[in-house]
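A short worksheet on the structure shown next.
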Amino acid sequence: MARAFLFVMDSVGLGGANDAAQFNDEGSNTVGHILEHTEDGKADKTGLREGPLQCPNLADLGFFHALELASNHPLAKTKQALSPYGFWGVSDEVSNGKDTPSGHWEIAGLPVTFDWGYFPHKAQTFPQVLLDSIYKEARIEGSLANCHSSGTEALTNFGDEHIQSGQPIFYTSSDSVFQIAAHETHFGLERLYALCETVRKLVDPYNIGRVIARPFLGEAPDNFVRTGNRRDYSVLPPEPTLLDRLTSTGKRVIAVGKIGDIFAHQGISEVTKANGNDALADATLEAMAHADDGDLVFTNFIDFDQLYGHRRDVAGYASALEHFDKRLPEFIAALKHDDLMIITADHGCDPTWTGSDHTRERIPIVGLLKGSNAKGAQLGIRKSFADIGETIAAHLGVPAGKYGTSFIDKIKTDA
């Protein structure tokens, strides 16, 4: 019996989406534009990194072959391995959004074909009737912000007033989210979680995908910092996902990072939280060590998106890619015969793009089937992220779903 390991490099898009113009994202390319900036010396930062992007281990799997396939980026060839030993391809998305739940659910075999609810981009973004209901149910006197904002801006603009008034900071983005920032000690972490649970119920009629707890520490704008105690309160997937199919047959789904939250803990056997890509890598390696035959380890590496994409930090993003690349051999070394490892993304978040939101892009599909002779297998441009979930389903021997097409035959030669 085999095992499977699914790693989402959050927001590491490759450009080229066939419907990017519909999202005002035509021309966005997270990895392609990072390549350009690093080649031009625009992503050098003293003490962090300098020079052209260096990701040789990803290249060996076919990552930059995938970039060329996705968007025909002119620098892709300069980074390609001569003979990639992994399988590689890209995928378009069929879900209606470019958000985290849509991307992850589609990867797990369930595209989001309905429309999420969104809050309008105006001064008072949340309806007063909703706010009044929250104040009454949560027994709070009021709230701050109530607007579209990035997380860092919300803390800078309202953190002091929050500490003084005790009122939580409510804000949103172009995603289907209701975000609540509050100080871990002045407001209280458990109190913040309880507030989010209340808001989760009250935003259901608005079809909002996630309520996100954004705890922070510090005593002034120059030292406010968000902590690793973020928690996402998602709606339940409307149909069974790959995770449900696995757990219903007695297999384990070991969720590392925010995966459990994204699926509202449906179809999840174990949850391991960790703060930052390095800690997530450590937790993933530990999960790989104790995963049994038939199990899936599913990890989201959040730093690319949360720390660098949304903050439009090209140098930080490039450094995170290089550091992930350095840790990749550890994952490969932990694979046993017939183990399947797939590395992908859930959307883009081009750090050179306007605004601070996600970007609609194709995602990479690169990986290894340990023991297969199908080295350098080309997967082409897949029509849906769901093909990833269906490949894992086929590999682990559970029934196929309705929405994707497995590429297991392309990568399983004499495995």
Side-chain angles (χ1 to χ4, degrees), residues 8 10-11 13 17 19-20 22-25 28 93-108 110-131 133-134 143 145-151 153-154 168-181 195-214 230-239 241 258-266 300 302 305-306 309-310 345-350 353 355-361 363 384-386:
V8 176
D10 200 314
S11 85
D19 57 359
Q22 299 176 29
F23 295 83
N24 297 316
D25 289 331
S28 64
E93 184 173 10
V94 299
S95 294
N96 290 346
K98 53 180 180 178
D99 52 273
T100 294
S102 295
H104 282 78
W105 291 5
E106 187 170 333
I107 289 169
L110 180 60
V112 176
T113 55
F114 58 85
D115 290 322
W116 295 110
Y118 301 92
F119 294 110
H121 206 304
K122 60 181 185 179
Q124 182 76 15
T125 189
F126 301 118
Q128 190 60 48
V129 63
L130 172 60
L131 293 174
S133 296
I134 294 171
S143 60
N146 299 317
C147 63
H148 278 243
S149 176
S150 72
E153 289 174 346
I169 303 168
F170 291 172
Y171 64 104
T172 189
S173 71
S174 64
D175 284 350
S176 182
V177 292
F178 191 118
Q179 305 197 69
I180 306 176
L195 174 59
C196 288
E197 290 173 0
T198 297
V199 174
R200 172 68 270 170
K201 292 182 293 185
L202 294 174
V203 297
D204 279 348
Y206 298 85
N207 201 28
I208 301 303
R210 289 178 295 164
V211 174
I212 305 178
R214 294 287 196 176
R230 163 184 170 159
R231 187 172 293 179
D232 293 33
Y233 297 81
S234 298
V235 295
L236 286 169
E239 298 179 43
T241 68
K258 68 177 185 177
I259 295 297
D261 289 350
I262 292 169
F263 289 88
H265 295 271
Q266 182 169 289
N300 174 282
I302 192 173
D305 183 63
Q306 178 174 266
H310 286 297
D346 53 342
H347 48 69
C349 198
D350 187 340
W353 209 240
S356 61
D357 297 318
H358 295 152
T359 42
R360 183 76 162 191
E361 302 179 41
I363 61 167
S384 170
F385 296 2

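Below, all heavy atoms of this structure are taken into account, side chains as well, without hydrogens, waters or symmetry copies.
Between Phe126 and Phe119, the two ring planes are perpendicular [angle over 60°; tilted spans 30° to 60°].
For Glu239 (side chain) and Leu110 (main-chain N/O), no donor-acceptor pair under 3.5 Å exists by modelled atom type. The closest donor-acceptor contact from the side chain of Ser176 to the backbone of Gly117 lies under 3.5 Å. Here the side chain of Gln266 pairs no donor or acceptor atom with the backbone of Leu236 at under 3.5 angstrom.
With sequence neighbours left out, His358 forms a ring-ring contact (aromatic ring centres under 6.0 Å, His included) with His310, His347. Under the rule for a salt bridge (Lys or Arg N to Asp or Glu O under 4.0 Å), the partners of Asp261 that lie at least two apart in sequence or sit in another chain are Lys273. With sequence neighbours excluded, the residues satisfying side-chain hydrogen bond (donor to acceptor under 3.5 Å, both in side chains) with Ser102 are Asp99, Trp116. Under the side-chain hydrogen bond (donor to acceptor under 3.5 Å, both in side chains) criterion, Arg230 pairs with Asp232, Gln306, not counting sequence neighbours. In this structure, Arg231 has no salt bridge (Lys or Arg N to Asp or Glu O under 4.0 Å) partners at least two apart in sequence or on a different chain. In this structure Asn207 satisfies the side-chain hydrogen bond (donor to acceptor under 3.5 Å, both in side chains) test with no other residue, sequence neighbours excluded. Residues satisfying the ring-ring contact (aromatic ring centres under 6.0 Å, His included) test with Phe170, not counting sequence neighbours, are Phe178. Applying the ring-ring contact (aromatic ring centres under 6.0 Å, His included) test to Trp353 and every residue at least two apart in sequence or in another chain returns nothing. With sequence neighbours left out, the salt bridge (Lys or Arg N to Asp or Glu O under 4.0 Å) criterion links Asp305 to no other residue. For Ser143, the side-chain hydrogen bond (donor to acceptor under 3.5 Å, both in side chains) partners at least two apart in sequence or on another chain are Tyr135, Asn146. Evaluation of the salt bridge (Lys or Arg N to Asp or Glu O under 4.0 Å) rule for Glu93 yields Arg360 as partners, not counting sequence neighbours. Applying the ring-ring contact (aromatic ring centres under 6.0 Å, His included) test to Tyr206 and every residue at least two apart in sequence or in another chain returns nothing.
When each of Asp19, Thr359, Asp25 is tested with Lys98 by the rule side chain to side chain donor-acceptor pair (under 3.5 Å), just one qualifies, namely Asp25. Considering Asp204, Leu202, Thr198 as possible partners of Arg200, the one that fulfils the side-chain contact (heavy atoms from CB on, under 4.5 Å) test is Asp204.
Ile134 places none of its side-chain heavy atoms less than 4.5 Å from the side chain of Val203. Contact annotation: the side chain of Tyr171 approaches that of Arg214 to within less than 4.5 Å [non-hydrogen atoms, C-beta and beyond]. Taking 4.5 Å as the limit, some side-chain heavy atom of Arg210 sits within range of a side-chain heavy atom of Asp175. Looking at Phe23 and Ser174, their side chains never come closer than 4.5 Å, going by heavy atoms from C-beta outward. Residues Phe263 and Pro237 form a side-chain contact, since some pair of their non-hydrogen atoms from C-beta on lies under 4.5 Å apart. Asp346 places none of its side-chain heavy atoms less than 4.5 Å from the side chain of Ile363. Between Thr172 and Val177 there is a side-chain heavy-atom pair separated by less than 4.5 Å.
Across Ala264 and Ser234, no two heavy atoms sit closer than the pair CB-O, 3.5 Å. What you find for Glu106 and Ser384 is that their closest heavy atoms are OE2-OG, 2.9 Å. Contact detail for Cys196 and Tyr233: the closest heavy-atom pair is CB-CE1, 3.4 Å. Nearest approach of Val94 to Pro111, heavy atoms of both residues: CG2-CB, 3.5 Å.
Between the CD1 atom of Ile259 and the CG atom of Asn300 there is a distance of 5.0 Å, given to the nearest 0.5 Å. Here the NZ atom belonging to Lys122 is positioned 13.0 Å from the SG atom belonging to Cys147, to the nearest 0.5 angstrom. Annotation: the span from Ile212 atom CD1 to Ile180 atom CD1 amounts to 10.0 Å, rounded to 0.5 Å.
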